[in-house]
Number of protein chains: 2
Amino acid sequence: MTLFLSTFINKLDKKGRVSVPASFRLALSGQTFQGIVAFRSYKLPTIEGMGMDRMQRLSDSVDQLDLFSDAQDDLTATIFADSQMLAFDGDGRVILSQHLLDHAHIKEMVVFVGRGTTFQIWNPEAFERHQQEARKRVQEKQATLKLRADNA
Amino acid sequence: MTLFLSTFINKLDKKGRVSVPASFRLALSGQTFQGIVAFRSYKLPTIEGMGMDRMQRLSDSVDQLDLFSDAQDDLTATIFADSQMLAFDGDGRVILSQHLLDHAHIKEMVVFVGRGTTFQIWNPEAFERHQQEARKRVQEKQATLKLRADNA
DNA sequence: AAAATACCCATGATATACCATTATTATAAC
DNA sequence: GTTATAATAATGGTATATCATGGGTATTTT
């Protein structure tokens with residue numbers, strides 16, 4: 001099992017620790033770095049999470065040895081500089097930095113959302129809202145699609 | 001684990017020493033030269049840093065340019081001539097030369113910024129400004145960046 | 001000799017490792 | 001189908017190790 005699936009809600013303790021869902025840990029079990037890599041989404045109030053291997057591949061694809069090109073500059077600045085390596089403790093927990101928590105407006109409860117090869121970490125209410133809006137957009141799209149189909 | 005990730009802010013002591021972040025040292029632990037290679041960025045007020053192995057690769061790629069071409073000449077002058085090997089002391093610190101410090105306007109605090117296969121060393125305020133601008137540009141260019149990220 | 005550098009050790013802060021307890025889920029027995 | 005039991009996962013707290021930092025002393029360099 002190498003995919004991140006489902007959503008899980010866990011509690012943030014007063015030290016900022018939170019258990020990474022067991023199934024996510026299983027998906028990461030083959031990796032050398034036992035933990036997750038996390039950075040602030042540059043588009044939504046959520047934290048992007050993945051394994052180190054994916055980060056490595058991201059780096060490889062960006063690494064053309066033209067380390068001075070403008071094109072890659074902003075991307076590397078934003079992603080690599082902002083990302084953090086969060087190691088599991090013996091019980092599969094990580095510590096989310098204040099930096100990350102602030103961005104996602106997380107206070108006590110944390111939602112892990114599987115997205116296949118990556119996952120996201122949300123504030124529960126914010127995630128719920130985001131989901132509903134996404135659903136609404138899909139429905140609207142379906143409506144327009146149907147109209148088009150009828151017209152065709 | 002060979003990537004430089006996150007940003008760390010450390011202090012320059014009165015002897016000019018500064019701790020290289022532990023995770024950066026870990027990323028360099030496999031190398032024969034225990035230290036960093038640093039040179040002045042030619043387009044930004046920052047110091048470019050990397051391990052000796054990456055410097056070697058850079059050299060190899062420059063070798064493939066025509067031996068006496070302008071491009072090779074420029075790279076050799078701006079990178080190899082300007083770069084310095086800074087060895088770790090017993091506690092993982094290096095001494096940044098005045099030459100480098102002046103270029104980056106560093107006085108007391110030093111920011112280490114991971115960029116995947118390399119890193120940069122900044123003045124804190126200058127970095128903050130640069131980072132925010134980069135983030136803004138990334139948000140504007142979202143679509144392109146997303147494609148890249150997905151392909152990785 | 002003076003200055004710069006390398007080496008060594010001490011300390012406080014913080015993160016990591018470890019262990020105990022609770023909760024939840026799955027399994028088995030009745 | 002319900003209850004009992006076991007297994008796994010999540011949570012909470014404490015001890016330990018690591019790291020950044022500061023200072024001292026020796027060693028090299030000029």
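By convention in this document, chain letters (A, B, ...) are assigned in the order of the sequence lines, proteins followed by strands, and residues within each chain are numbered from 1.
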Any salt bridge between A:Asp13 and A:Lys15, counting N to O under 4.0 Å?
no
Examine D:dA10: is either OP1 or OP2 under 4.0 Å from a nitrogen or oxygen in the side chain of A:Arg25? Give yes or no.
yes
Chain A footprint on DNA chain C, 5' to 3' - any atom under 4.0 Å from a heavy atom
C:dT16 to C:dC19
End axis versus end axis in the helix from C:dA1-D:dT30 to C:dC30-D:dG1, the angle rounded to 10°, five pairs used at each terminus:
40°
Among D:dT11, D:dT14, D:dA10, which nucleotide has an atom closest to any side-chain atom of A:Lys11?
D:dT11
Report yes if the distance between the aromatic ring centroids of B:Phe8 and B:Phe112 is under 6.0 Å, otherwise no.
no
Please determine, for the side chain of A:Asp13, which listed nucleotide (D:dT21, D:dG12, D:dT11) has the closest atom?
D:dG12
Quick one: the side chain of A:Lys14 and the base of D:dG13, do they pair up donor-acceptor inside 3.5 Å?
no
Would you call the rings of A:Phe4 and A:Phe24 parallel, tilted or perpendicular, taking 30° and 60° as the class edges?
perpendicular
Looking at every non-hydrogen atom in both residues, tell me the closest pair between B:Arg135 and A:Ser41 and how far apart they are.
NH2-O, 3.4 Å
Going by heavy atoms closer than 4.0 Å, what residues in residues 86-104 of chain B are next to DNA chain C?
B:Asp91, B:Arg93
Give the rounded distance in Å between these two atoms: CD of B:Glu108 and P of D:dT21.
11 Å
